Amino acid sequence: MKYSVDSKGFFGRFGGAYVPEILYKVVHDLQDAYKPIIESKEFQNEYESLLKDYVGRPSPLYYAKRMSEKYGCHLYLKREDLNHTGAHKINNCIGQVLLAKKMGKTRIIAETGAGQHGVATATVCALMNLECEIFMGKTDVERQHTNVERMRMLGAKVHPVTTGNMTLSDACSEAIRDWCCHPRDTYYMVGSTMGPHPYPDIVAKMQSVISKEIKWQLQEKIGRDYPDYLIACVGGGSNAAGTIYHYIDDDRVKIVLAEAGGHGIDTDYTAATIHCGTEGIIHGARSLVMQTDDGQIKEAFTISAGLDYPGIGPMHADLAEKGREKVLAINDDEAIYAGYELTRMEGIVPAIESAHAVSALKKLTFKPDDVVVLTVSGRGDKDVETYLKNKKMAKEYGNF
Ligand SMILES: *Cc1c(COP(=O)(O)O)cnc(C)c1O
């Protein structure tokens, strides 16, 4: 495979494992353990059975007729929004909790921004009867109160983090700090294709079920197993990684990703790391980072809490640099508009994160026969208030 990770966890120049010495052993143990466990028949059977009966997979591949007519292509939506807990994140958590159990870990920690990964983690910990502690920036605890209550109801302990900007990036740092204190019994469940090697590879593998299903679903529907375009939104990069995983080396398939432009990439209020980031180390990996000239990590800004991260997974830093992925920055107003558009044309309220991917349709020119698969990473129930509050933004931009 042309683009896969090497044995030290590098995707081209990006990736690796830059961890404090105290975590050296636990990270190396994980590097040695993950592949044999994930590839074992026993793991695969348990993982697949939970994905089917607990998560509700396969997620449908839905032909969006009205949107297809509008954009002059054949548009299929990969419905990750229909998964248990409302997004793709549960795929990863199911896999990692099984991995943690097989490694004999008894306590799970995780970081969360909007709370989606926290909820998915708390969910699988309840399922597996494991102790669960979630680190979440205090600002996010206040903004995302319902998800905090959900986590608490599921039995997780939520720690509001009061360092830095009190958002996702600080929650990651705090989770790493906790892991340093309890490396032996604790498994750190990373929520996206980021962090030190082997996490980006683990998370990409756990989400790869998305493209595995797309293959046979397309074969069934159109008689060939690949699309002309794959489109997904990208925060840390996990739903995008899952969407493209089995197509990365297939040059017939164009890959288009949407990152969060916030107010615009020419302003200070953006989360478009691939456009605006420079090379640096963030949370244990070399990647693109939004940072000041002296290396301080900048706060990311976007209307979408799930894309609010000043870094990007190393896999996407590499694929974007090599031109394998085309990355578009979608601004807040464009995402809000696209969210309304999908809602009104197909009756599907997407997560604001996913609405960024929908907005990419406007920026592409298709041939009438083009087959486009767009991943709807999550459902928008959590975002209804934001959509309604910002409706004016969509009005100014379009005509809802
Ligand atoms: C967390 C989240 C994202 C962003 O994370 P990725 O790792 O980039 O996929 C996108 N969509 C939804 C619905 C999310 O919850």
Side-chain angles (χ1 to χ4, degrees), residues 59 77-93 96 110-121 123 136 140 144 146-147 150 167-169 171-172 189-195 199-200 202-211 230-245 257-260 271-274 283 285 287-288 300 302-317 319-320 325 327 330 335 338-339 342 348-360 374-383 386:
S59 67
L77 302 176
K78 183 61 175 156
R79 301 288 309 276
E80 294 301 302
D81 58 311
L82 294 177
N83 293 338
H84 180 43
T85 70
H88 65 292
K89 291 211 169 67
I90 191 86
N91 304 329
N92 170 44
C93 290
Q96 284 198 61
E111 83 292 339
T112 195
Q116 296 300 105
H117 176 55
V119 167
T121 304
T123 299
M136 186 171 187
D140 290 331
Q144 309 288 336
T146 336
N147 276 341
R150 275 169 90 189
T167 56
L168 175 60
S169 183
C172 290
M189 178 129 30
V190 173
S192 187
T193 40
M194 42 169 258
Y199 282 108
I202 292 178
V203 179
K205 282 186 162 67
M206 297 308 169
Q207 295 291 359
S208 69
V209 62
I210 299 174
S211 50
L230 285 169
I231 303 177
C233 67
V234 57
S238 69
N239 87 88
T243 301
I244 69 174
Y245 193 88
L257 303 185
E259 62 175 357
T273 312
I274 295 176
H283 300 123
S287 190
L288 295 173
T302 152
I303 198 160
S304 148
L307 303 178
D308 205 351
Y309 183 63
I312 172 76
M315 170 183 177
H316 296 294
L319 292 175
E325 296 175 346
V327 182
I330 303 295
L342 190 67
I348 296 169
V349 183
I352 293 190
E353 293 82 6
S354 320
H356 286 70
V358 176
S359 182
L374 186 151
T375 295
V376 180
S377 54
R379 69 177 84 124
D381 306 28
K382 66 184 179 59
D383 299 317
T386 312

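Remember, it's a predicted structure, so these values are computed and weren't measured experimentally. The figures here come from the full heavy-atom set of this structure, side chains too, leaving out hydrogens, waters and symmetry mates. Order of listing sets the numbers, starting from 1, for every ligand and every atom in it.
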Honestly, for Val234 the part within reach of ligand 1 (heavy atoms, under 4.0 Å) is backbone
One finds that the ligand 1 atoms under 4.0 Å from a non-hydrogen atom of Gln116 are 15 (O)
Near Gly235 (heavy-atom distance under 4.0 Å), the atoms of ligand 1 are 8 (O)
Q.
Between Val119 and Lys89, is there a side-chain heavy-atom distance shorter than 4.5 Å?
A. no
Taking distance alone, with N or O pairs closer than 3.5 Å, would you say Ser354 contacts ligand 1? no
Checking the N or O distance criterion of under 3.5 Å, is ligand 1 in contact with Glu353?
no
among protein heavy atoms, the one nearest atom 11 (N) of ligand 1 is Ser377 OG, 2.7 Å
the protein heavy atom lying closest to atom 6 (P) of ligand 1 turns out to be Ser238 N, 3.3 Å
Open item on the list: Contact between ligand 1 and Glu80 is defined here as a heavy atom of the residue under 4.0 Å from a ligand atom; is it met?
Closed with: no
Is the shortest heavy-atom distance from the side chain of Met194 to the side chain of Cys172 under 4.5 Å?
-> yes
With sequence neighbours left out, the residues meeting side-chain contact (heavy atoms from CB on, under 4.5 Å) with Asp308 are Arg143, Ala300, Thr302
| said: Is it true that Thr85 and Thr123 share a donor-acceptor pair across their side chains at a distance under 3.5 Å? | reply: no
Ser192 heavy atoms within 4.0 Å reach ligand 1 at atoms 6 (P), 7 (O)
shortest atom 2 (C) of ligand 1-to-protein heavy-atom contact is with Lys89 NZ, 2.4 Å
For Gly237, the atoms of ligand 1 under 4.0 Å from one of its heavy atoms are 6 (P), 7 (O), 8 (O)
Gly378 heavy atoms within 4.0 Å reach ligand 1 at atoms 13 (C)
Rounded to the nearest 0.5 angstrom, the OG1-CG distance for Thr273 and Leu288 is 8.0 Å
Per-atom filter on ligand 1: closer than 4.0 angstrom to a heavy atom of Ala351 are 13 (C)
Note to self: So for ligand 1, is Gly236 a polar contact partner (N or O within less than 3.5 Å, distance only)?
What the structure shows: yes
One should read off an interatomic distance between Cys233 SG and Ile330 CD1, to the nearest 0.5 angstrom, of 10.5 Å
Closest to atom 4 (C) of ligand 1 among protein heavy atoms sits Gly306 O, 3.4 Å
Considering only heavy atoms from C-beta outward, does the side chain of Ser287 approach that of Ile312 to under 4.5 Å?
-> yes
Rounded to the nearest 0.5 Å, the OG1 atom of Thr112 sits from the CG atom of Leu168 at a distance of 7.5 Å
With a 4.5 Å cut-off on side-chain heavy atoms, are Ile348 and Arg79 touching? yes
One finds that the ligand 1 atoms under 4.0 Å from a non-hydrogen atom of Cys233 are 10 (C)
Just checking, is any N or O donor in the side chain of Gln207 or Asn239 under 3.5 Å from an acceptor N or O on the other one? no
